[in-house]
Amino acid sequence: MSLLHDRALAAAFDRAAPSYDRMTAANPGYHGHLRRSARRLGLPGDGSGLSVLDLGCGTGSSTRALLDAAPRATVTGVDASAGMLARARAKTWPSSVSFVHAPAEEVGTTVAAGPYDAVFAAYLFRNVADPDAVLRTVRGLLRPGGRLAVHEYALSGRAVHRTVWSAVTSGLVVPWGRLHGDAALYRHLRRSVLDFDTAPRFAERLRLAGFADVRVLPLPGWQTGITHTFLATRG
């Protein structure tokens, strides 16, 4: 199948938004892993005085993870899907949290243009048409020395992890999507991981985009070798 991109992908997420939180809640470790990646940003002082961008915030699960890690930070969530953002905005947030509707490629031209002390991007880069362009955008949004954490399904490169991902998504995730009328989106999500960079390749992509101090950290549970936290700073 061909992957969804841009407006077609945003529209698919719009349609899936009503059931999306129930699907992620059924994924063992989903929210715990987001919190772990957010903590790995290492924001000092509970985030006091810091401005953080949650790029590709979806229904707000990553935003909540950021607040758990840095409750005193100012957090701006940005997403291309109006439906997902509507779900995020309907939740209870402190006044330090705001949301902006925009594609990742265009965030620099919106009220969310920053600059930021840190950027958190969860499950974003495999879903954009040009990840290098988005990385350039993110680098431009960060203050010098600003921190980036990317939480992403990026396979290790080992055959066993590719097999596990294929089995889990074919047996559970795609059938969920079919049951809820969102088969095209969940087929895309399955395929997007298989077609995306391996973890070492994405780390190299970060370096080529001008990021420094690039590190790749694993996550526990069944997603070991499947989901990683990528940490970097604006060089």
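All values below come from the heavy atoms of this structure, side chains included, with hydrogens, waters and symmetry mates left out. Because the structure is a prediction, the values reported are computed rather than measured.
Distance alone, capped at 3.5 Å, is enough to place a donor-acceptor pair between the Arg89 side chain and the Phe99 backbone. With Ser37 contributing its side chain and Leu34 its backbone, the two residues share no donor-acceptor pair below 3.5 Å. Looking only at distances, no side-chain donor or acceptor of Arg126 sits under 3.5 Å from a matching main-chain atom of Ala154. Side chain of Glu152 to backbone of Ala122: no donor-acceptor contact under 3.5 angstrom is found. Under a 3.5 Å cut-off, the side chain of Trp165 and the backbone N or O of Arg190 do form a donor-acceptor pair. For Asp213 (side chain) and Ala232 (main-chain N/O), no donor-acceptor pair under 3.5 Å exists by modelled atom type. Panel note: side chain Arg234, backbone Gly145; no donor-acceptor pair is recorded below 3.5 Å. The backbone N or O of Leu219 sits less than 3.5 Å from a side-chain atom of Thr224, completing a donor-acceptor pair. A donor-acceptor contact shorter than 3.5 Å is absent between the side chain of Arg40 and the backbone of Ala149. With hydrogens and angles disregarded, a donor-acceptor distance shorter than 3.5 Å links the side chain of Asp79 to the backbone of Gly58.
Between His180 and Trp176, the distance from one ring center to the other falls under 6.0 angstrom. Between Phe230 and Phe211, the ring center distance fails the sub-6.0 Å criterion. Residues Phe196 and Phe125 place their aromatic rings such that the two centres sit no closer than 6.0 Å.
Under the 4.5 Å side-chain heavy-atom criterion for grouping Ile, Leu, Val, Met, Phe, Trp and Tyr, Val111 is connected to Leu142 within one hydrophobic cluster. Hydrophobic clustering places Leu9 together with Tyr153 (ILVMFWY residues linked when any side-chain heavy atoms are closer than 4.5 Å, directly or through intermediates). The cluster map of Ile, Leu, Val, Met, Phe, Trp and Tyr, joined by side-chain heavy atoms under 4.5 Å apart, puts Leu85 and Leu185 in the same cluster. Residues Val174 and Leu179 do not share a hydrophobic cluster, clusters being chains of Ile/Leu/Val/Met/Phe/Trp/Tyr side chains in contact below 4.5 Å. The cluster map of Ile, Leu, Val, Met, Phe, Trp and Tyr, joined by side-chain heavy atoms under 4.5 Å apart, puts Val150 and Ile226 in different clusters.
Smallest separation of non-hydrogen atoms from Ala203 and Val216: CB-CG2, 3.6 Å. Contact detail for His101 and Ala80: the closest heavy-atom pair is NE2-O, 2.9 Å. Contact between Cys57 and Gly77 at its shortest, heavy atoms only, is SG-C, 3.7 Å. Scanning all heavy atoms of the two residues, the minimum distance from Ser166 to Leu194 falls at OG-CD2, 3.7 Å. Nearest heavy atoms, Val78 versus Ala102: CG1-O, 3.4 Å. Nearest heavy atom pair, residue Arg15 against residue Pro18, reads O-CD, 3.4 Å.
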- prompt: What's the verdict on side-chain contact (heavy atoms from CB on, under 4.5 Å) for Thr76 and Asp54, showing C-alpha distance, side-chain angles and the deciding distance?
  reply: CA-CA 6 Å; Thr76 303; Asp54 182 13; over 6 Å; no
- request: Show your working on side-chain contact (heavy atoms from CB on, under 4.5 Å) between Asp195 and Leu3 and close with a plain yes or no.
  value: CA-CA 9 Å; Asp195 289 358; Leu3 295 177; 4.0 Å; yes
- request: Might you work through the side-chain contact (heavy atoms from CB on, under 4.5 Å) test for Asp182 and Tyr20, ending with a clear yes or no?
  value: CA-CA 10 Å; Asp182 300 312; Tyr20 195 80; over 6 Å; no
field: side-chain contact (heavy atoms from CB on, under 4.5 Å) between Thr63 and Lys91, worked out
entry: CA-CA 11 Å; Thr63 315; Lys91 297 172 182 178; over 6 Å; no
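No hydrogens or angles considered: nothing links the side chains of Asn127 and His5 as a donor-acceptor pair under 3.5 Å. Asp117 and Ser51 share no side-chain donor-acceptor pair at under 3.5 Å.
In Arg215, the CZ atom is not crowded: 12 or fewer heavy atoms of neighbouring residues, nucleotides or ligands sit closer than 6.0 Å. Around the CZ atom of Arg201, the shell of radius 6.0 Å holds more than 12 heavy atoms that belong to other residues, nucleotides or ligands. More than 12 heavy-atom neighbours from other residues, nucleotides or ligands sit within 6.0 angstrom of CZ on Arg207.
Screening Val138, Val119, Leu141 against Val107 for a side chain to side chain contact (heavy atoms under 4.5 Å, CB included) leaves a single residue, Leu141.
Arg35 has its side chain out of reach of Leu66: every pair of non-hydrogen atoms, C-beta onward, lies at least 4.5 Å apart. Within the 4.5 Å cutoff, the side chain of Leu155 has no heavy atoms near those of the Asp197 side chain. In this structure the side chain of Val75 never reaches within 4.5 angstrom of the side chain of Ser96, judged on heavy atoms. Between Leu189 and Phe13 there is a side-chain heavy-atom pair separated by less than 4.5 Å. Looking only at side-chain heavy atoms (C-beta outward), Val193 and Tyr123 stay at 4.5 Å or farther from each other. Side-chain atoms of Pro44 and Leu50, non-hydrogen and from C-beta on, do get closer than 4.5 Å to each other. Counting only heavy atoms from C-beta outward, the side chains of Glu204 and Val214 never approach each other to under 4.5 Å.
Taken to the nearest 0.5 Å, the CG atom of Leu148 stands 9.0 Å off from the OG1 atom of Thr233. The structure places OG of Ser61 at 8.0 Å from CE of Met84, a figure rounded to the nearest 0.5 Å. Summarising the geometry, atom OG belonging to Ser62 is positioned 10.5 Å from atom NE2 belonging to His31; distances are rounded to the nearest 0.5 Å. To the nearest 0.5 Å, the span separating CZ on Arg162 from OG on Ser156 amounts to 11.0 Å. Separation of atoms OG1 (Thr198) and NE2 (His161) is listed at 12.5 Å; rounding is to 0.5 Å. Here the CZ-OG1 distance, from Arg64 to Thr59, works out to 10.0 Å after rounding to the nearest 0.5 Å.
A salt bridge links Arg205 with Asp132; the closest basic N to acidic carboxylate O contact falls under 4.0 Å.
The aromatic rings of His151 and Phe120 sit tilted relative to each other, their planes meeting at an angle between 30° and 60°.
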